[in-house]
Structure formats: C-alpha cells, structure tokens
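The chain is numbered in sequence order, starting from 1. Counting convention: from 1, in listed order, for ligands and their atoms alike. Values below: every heavy atom of this structure, side chains too, minus hydrogens, waters and symmetry copies.
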Amino acid sequence: MNFGEIAKTELHLHLEGAAPPEFIRRLAAEKRVNMDGVFDENGAYDWATFVEFLATYERACEVLKSPEDFGRLVSAVLEAQAAQGVIYTEHFLAPDFCGGGDLVAWKEYLAAMTEAAEASPVEVRFISTCVRHMGPEQAKITAHVSAETAGGLLTGFGMGGDESQFVAADFAYAFDMAREAGLGLTSHAGEVEGPNSVAETLDALKVSRIGHGVRSVEDADLVARLKDEGVVLEVCPGSNIALGVFPDLKTHSITALREAGVAITVSTDDPPYFHTDMTSEYRNLSETLGWTQADFDAINQTAMRAAFCDDATRSRLLAKFNGA
Ligand code: ADE
Ligand code: ZN
C-alpha cells in the first residue's frame, strides 16, 4: 500500500498546533519575538508533559499576531495536508489567539483564514474552539463571537485545553449558544482524564463528537453508550502515545473501541508537536495493527458522516471513500 496516496479525512487538527517549527521561527525572527525555551536543540517543539505541551503551544502562538499570519498558516497547513492525501479536513481555530474575543478583530482573522482555505484544493471547514483552562467566562465570549460568525466555512464549535480544569457543565452555556447558532459540537474529553469526563461532556454539552475519548475504554457502560448513541470519536493515536496516554499502538484503546462498535476516526491533533503526520498514522495502523484499505475506507466514511459540512459536500466526498 502507498500510504501517502490513500485519500483521507482529518477531523481533529488544531491550526496553531499544526504550525511547523520553521514557520514559527521565521515569524519570530521577523517580529523579534523571544522564543527561548520553545524549541529543543534539534529545533523541534520542546515539552515533556501535557501541561508543558500546552504552555509551549501558547508560547509559540505569541508570534501569530495578524490576520495575515493566520492566513499564511492556513495555506501552509493545507499544503502539508494535501501532500498527505487529505481531501477533507476541519481545523480547530481559537478566537482567543485571534483578537482575544473581540468580534471586529475575529471577523478579520476569519476572513483571512477563509480566503486561504478557499484557495486550497482541500475541502475545509472551521471549528472555533474555546480553551478550557481559560475558564467558562472566556468560553462564553468565544461562543458569542462564533455564533455571530457562524456560516460559510465556520460550521463547528469545540473545546480543547487542560481537561483537568473545571467540569464540563461549566461550559454548558457556551455550548448552548453555539448549538443555537447551528454549529456542530465537539469537545476534548477522555484524553488525560478518565471515562467520567466523557460521560459528563455528553450529558452537559450534548456534543455529537468527542475529541479523543480514548479513555472511555475504562468503563464498559460508557463504551456501550457511545455505540448506542452513535457518538463519533476523533482518535489521534500518535498524539496519545506522545503524551503518554498509552505506551504504544498495540496497547492503544482504538482496537477495543472499534471491536465494541464505537464509531472511530483518525487524525493527528498537532502533528509537529507529536512528530507525526497522516501518512505515518496510516502506515502505523497497517503495519502494527494490520489495517487494510477497507478499514481506512470505513474510518473515512465514518468521518464524512460525522463531518460538520452540508449534505451536498458530504455526499460528494463520501463517494470518494467507496460510496458507503
Ligand atoms: N490543544 C491542542 N492540542 C490539544 C490536546 N491534545 N488536548 C487538549 N488541548 C489541546
Ligand atoms: Zn486536540
């Protein structure tokens, strides 16, 4: 199998987290922003724990200042994804890094990112994302600017950040606002925290997808619930292994969850931070777990069914994954 050539969907990718280190270094040099501690001696992003990862990520974001910077980043990330065979993707964008929640500024950032996305051969939708450790009040501001700009390529609302902070119910108001604006909903859960975090997220935020959700495997009742309710997991195996959620792919819960009938998709999360890309993910799934083209078609069909896009786009792209 030529893993690079397999057509792919990628639902779970943080735009800022996909920035190549060279991209951030170049902007830092242009803008004279101090990046001490962000990179290791090999020039890769420097972090060791989940909390350090989030801190390095936010430091790197300090160089992304203007709408033009974000437009350039969308173009660079989409170019890399196209080279990996990605034909449909959704990018998590954090308004907190794009004007700090100011609506006028956010519109300018979103316009620049939309222009870049529309110039790409990859079909793209955006999921605006609140950052959990910034708290529920900031999340409401993020939801408000997202609701005001819903439509066009902005079709989803989500939450990333430190899952150990706050409880899911604290963010119900923000997610209700986004739902009322017609945005599709997803939230990180069951990544660094256990199955309760996933159950609370489903109860309080009523999302159709969960970012990661891989620790759901620790609770058989929750696994049955995910299957019965058709909740789709955005699984990012390389990210989970890099962050120490599982030691390796053999022991990763993706196999048990699939066998239990849970709907699974595969993405990279923040590829340069975790030294991964979509082609490597597919190659590892094939070489370590024996996945075949039929398995890849199945996850991509699941992803397109769960995608936050219009039905015409969904049908057109589903046909590229053996119709379904
Ligand atoms: N933001 C970017 N990547 C993330 C991850 N893996 N978990 C939580 N928040 C994130
Ligand atoms: Zn993520």
Item to check | Which atom of Asp269 approaches the Zn ion (ligand 2) most closely (N/O/S) | outcome: OD1
Checklist entry - Of Tyr45, Phe50, Tyr57, Phe53, which is the lone residue that meets ring pair (Phe, Tyr, Trp, His ring centres under 6.0 Å) with Phe274? => result Phe53
Checklist entry - Should the pair Arg215-Glu163 be classified as a salt bridge under the 4.0 Å nitrogen-to-oxygen rule? => result no
Checklist entry - Thinking salt bridges, do Arg132 and Glu191 make one under a 4.0 Å N-O criterion? => result no
Checklist entry - Should the pair Asp46-Arg59 be classified as a salt bridge under the 4.0 Å nitrogen-to-oxygen rule? => result no
Item to check | Atom of His14 closest to the Zn ion (ligand 2), considering N, O or S atoms | outcome: NE2
Checklist entry - Would you call Arg125 and Asp310 a salt bridge, using N to O less than 4.0 angstrom? => result yes
Next on the checklist: Strictly under 4.0 angstrom, heavy-atom based: which residues surround ligand 1?
Outcome noted: His14, Phe50, Phe53, Leu54, Tyr57, Gly160, Gly161, His188, Glu191, His212, Asp269, Asp270
Item to check | Nearest to the Zn ion (ligand 2) - the N/O/S atom of His12, by atom name | outcome: NE2
Next on the checklist: Could you check whether Arg225 pairs with Asp228 (Lys NZ or Arg NE/NH1/NH2 to Asp/Glu carboxylate O, under 4.0 Å)?
Outcome noted: no
Next on the checklist: Check Glu123 with Arg316, please: is the shortest side-chain N to carboxylate O separation under 4.0 Å?
Outcome noted: yes
